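Bear in mind the structure is a predicted one, so any value in this text is a computation, not a measurement.
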There are 2 protein chains.
Amino acid sequence: MTEDLAPRELRVLVAVGRERGFSAAAVALGMTQSAVSHSVRGSERKLGAVLFERGRNGATATAAGERALAHARRVLRLLDVMAAEVRGARSGAEPDILAGPLRIAAFRSAALHLLPRVLGRLTARHPELVPEVRIVREVGRGTAGEVLDGRADLGIATIGTSSPVPPELVGGVLLEEGYALVHPAGHPAPRTLPLVDWTENCTSYTREWWAGQEWLPPATVEAEDDGAVLSMVSTGYGMAVMPELSLVGAPSSVEITDLGPERPTRSVGYVTTPELAASLAVRALIRELRAAAG
Amino acid sequence: MTEDLAPRELRVLVAVGRERGFSAAAVALGMTQSAVSHSVRGSERKLGAVLFERGRNGATATAAGERALAHARRVLRLLDVMAAEVRGARSGAEPDILAGPLRIAAFRSAALHLLPRVLGRLTARHPELVPEVRIVREVGRGTAGEVLDGRADLGIATIGTSSPVPPELVGGVLLEEGYALVHPAGHPAPRTLPLVDWTENCTSYTREWWAGQEWLPPATVEAEDDGAVLSMVSTGYGMAVMPELSLVGAPSSVEITDLGPERPTRSVGYVTTPELAASLAVRALIRELRAAAG
DNA sequence: GCCCATCCATGAATGCCGCTCATACGACGA
DNA sequence: TCGTCGTATGAGCGGCATTCATGGATGGGC
């Protein structure tokens, strides 16, 4: 009896997990809801465990299902890597033809202001390479979680003591960037304005710095993301302390003030799996990232 | 189109690689030679590369085939782990019922003197877990090669600058052990005896130490392995410089002399794949290894 | 040189397995 | 109560993997 799951079945599981429902997964996979149902049931029978809790609106993974999903993504990724490597190793092909998708997870400001340059140069050098960037909020496991779960090949993340590189991943610091004060241009007393902050910044590197300051902002407003913060500042609503990466291409209606040598900083780096770190495509990307950061 | 290989096809590839021939693989798998031929051809078409060189007596893997085989073994192993873990996590079962085989590759002295304790405690905690230990000579790629090729889940290896953890694997240092002088008990001038060494030790950590010594042994004899070395020393044939792990349970007919603070040392650690590093069984093993080493 | 043994390759027939179609079932909201 | 939005299920069909039978290549024995 064929005891283990076929790649097809794994893809179905992953799709159901992603789409949170059999019907949606079926649409995403271009097959029938019935086929998905049959397939999941078959997988559950083979594994001897219920993988999804079926409910009123869709299906959610059980504990067993979560484990199955994590492994399924890994297996599928390994199969992809196998295909790529074997194709790359066929009969003396030279190793510099990089092709295929390269999935990158990045937080917002990196995706908007760091990656475009990098990916431009990368695709110029390797035209067959198709980078796919996904913007991930830096909360919870952040971009490293995407890599761990097999949803991304490389993640751009802030790296520090509060968010170290997970032990099963490898990574490195690309650049250290400082925070700067940003406020409406020409404002006579910007420090009296309310402080605008955003979710991802909460647990971040600025807290310690604020503790050492005598200056206390009159109020704190929370915005959706750093883009929204910048927009609020530019309309004169408040001031903010933001990393330089978020300030690339800031409009002329805001003014950026250096906070001096004691300003807070954060380290921006990358994380990937050791396996992918050995692959040529990821190595080429890291090379470009290093070049752009240095 | 189903672009990636089914587990069935992977098993065929692995069998052909192991049996070195289509016909032999067929009988091993209980199917027809024809089926094997069709299956391999299909795999080759899907991957776009020739995987086996067909010859007069059997088939041998090409470079591309070797890579495919390594990945195939790992994918199949991952599928097994997935099945075991998901079954362990089914519907409210306590989360850590680990079951199934756990394949460990270790060099001789670790297998004889480090693993028994560790595996005893591991199986006490997880009775359904069946560790399988394979003794691998630490030459060439050593135990890491076994892990890379998917023939072992975890390898015990010496880790250092001359043999780092390969980039596509993860690993860690468990303990640092010193070398000691061992010679026949009661010998009046042990340093005048011939030095007995063994193959795996050749490229090892002692060389540098010897370079700094004024003491030069009168002759060097090479033995099969560290067990043979110890046996030769115990019969009075010579003396040796051996790591402490090889000296556990040494007979009373030998005497062990510390070489002082400048003695050579080596680091013993583990290596595994990132996927397996996330699996519960391997994590439990590493935990026990750490506990035993610390 | 001929033959045979031992491999792998190939084409047609077959049987299983996964897919679709049609339909049933259950829950929720109007 | 009905309509809608989910999943479950059984019947039937089609494709794919396997088998069977056979062909082709290669090297060793005589």
Self-check item: Salt-bridge contact B:Glu85-A:Arg74 (side-chain N to carboxylate O under 4.0 Å)
Solution: no

Distances under 3.5 Å between nitrogen or oxygen atoms of protein and nucleotides 26-29 of chain D:
{"from": "D:dT26", "atom 1": "O2", "to": "B:Arg56", "atom 2": "NE", "distance (Å)": "3.3"}
{"from": "D:dG27", "atom 1": "O4'", "to": "B:Arg56", "atom 2": "NE", "distance (Å)": "3.2"}

Exercise. Give a yes/no on whether any side-chain N or O of B:Arg8 is located under 4.0 angstrom from OP1 or OP2 of D:dT18.
Key: yes

Self-check item: From CD1 (A:Ile104) to CZ (A:Arg134), nearest 0.5 Å
Solution: 12.0 Å

Practice problem: With a 4.0 Å heavy-atom cut-off, tell me which residues in residues 15-26 of chain B come close to DNA chain D, sorted by residue number. | Solution: none

Practice problem: Using only side-chain N and O atoms of B:Ser37, determine if any of them is under 4.0 Å from OP1 or OP2 of C:dA9. | Solution: yes

Self-check item: Side-chain-base donor-acceptor pair under 3.5 Å for B:Gln33 and C:dA9
Solution: yes

Self-check item: Pairwise side-chain contact, A:Leu76 with A:Arg73, heavy-atom cut-off 4.5 Å (strictly under)
Solution: no

Exercise. Would you please confirm or rule out a distance under 4.0 Å between OP1 or OP2 of C:dT10 and any side-chain N or O of B:Arg41?
Key: yes

Quiz prompt | Among D:dT9, C:dA9, D:dT19, the nucleotide that comes nearest once only the side chain of A:His38 is considered | solution = D:dT9

Quiz item: According to a strict under-4.0 Å criterion, is B:Arg54 in side-chain N/O contact with OP1 or OP2 of C:dA9?
Solution: yes

Quiz item: Side chain of B:Ser34: nearest nucleotide among C:dC21, C:dA9, C:dG11?
Solution: C:dG11

Quiz prompt | Side chain of B:Lys46 (C-beta onward), nearest among D:dA17, D:dA11, C:dT10 | solution = D:dA17

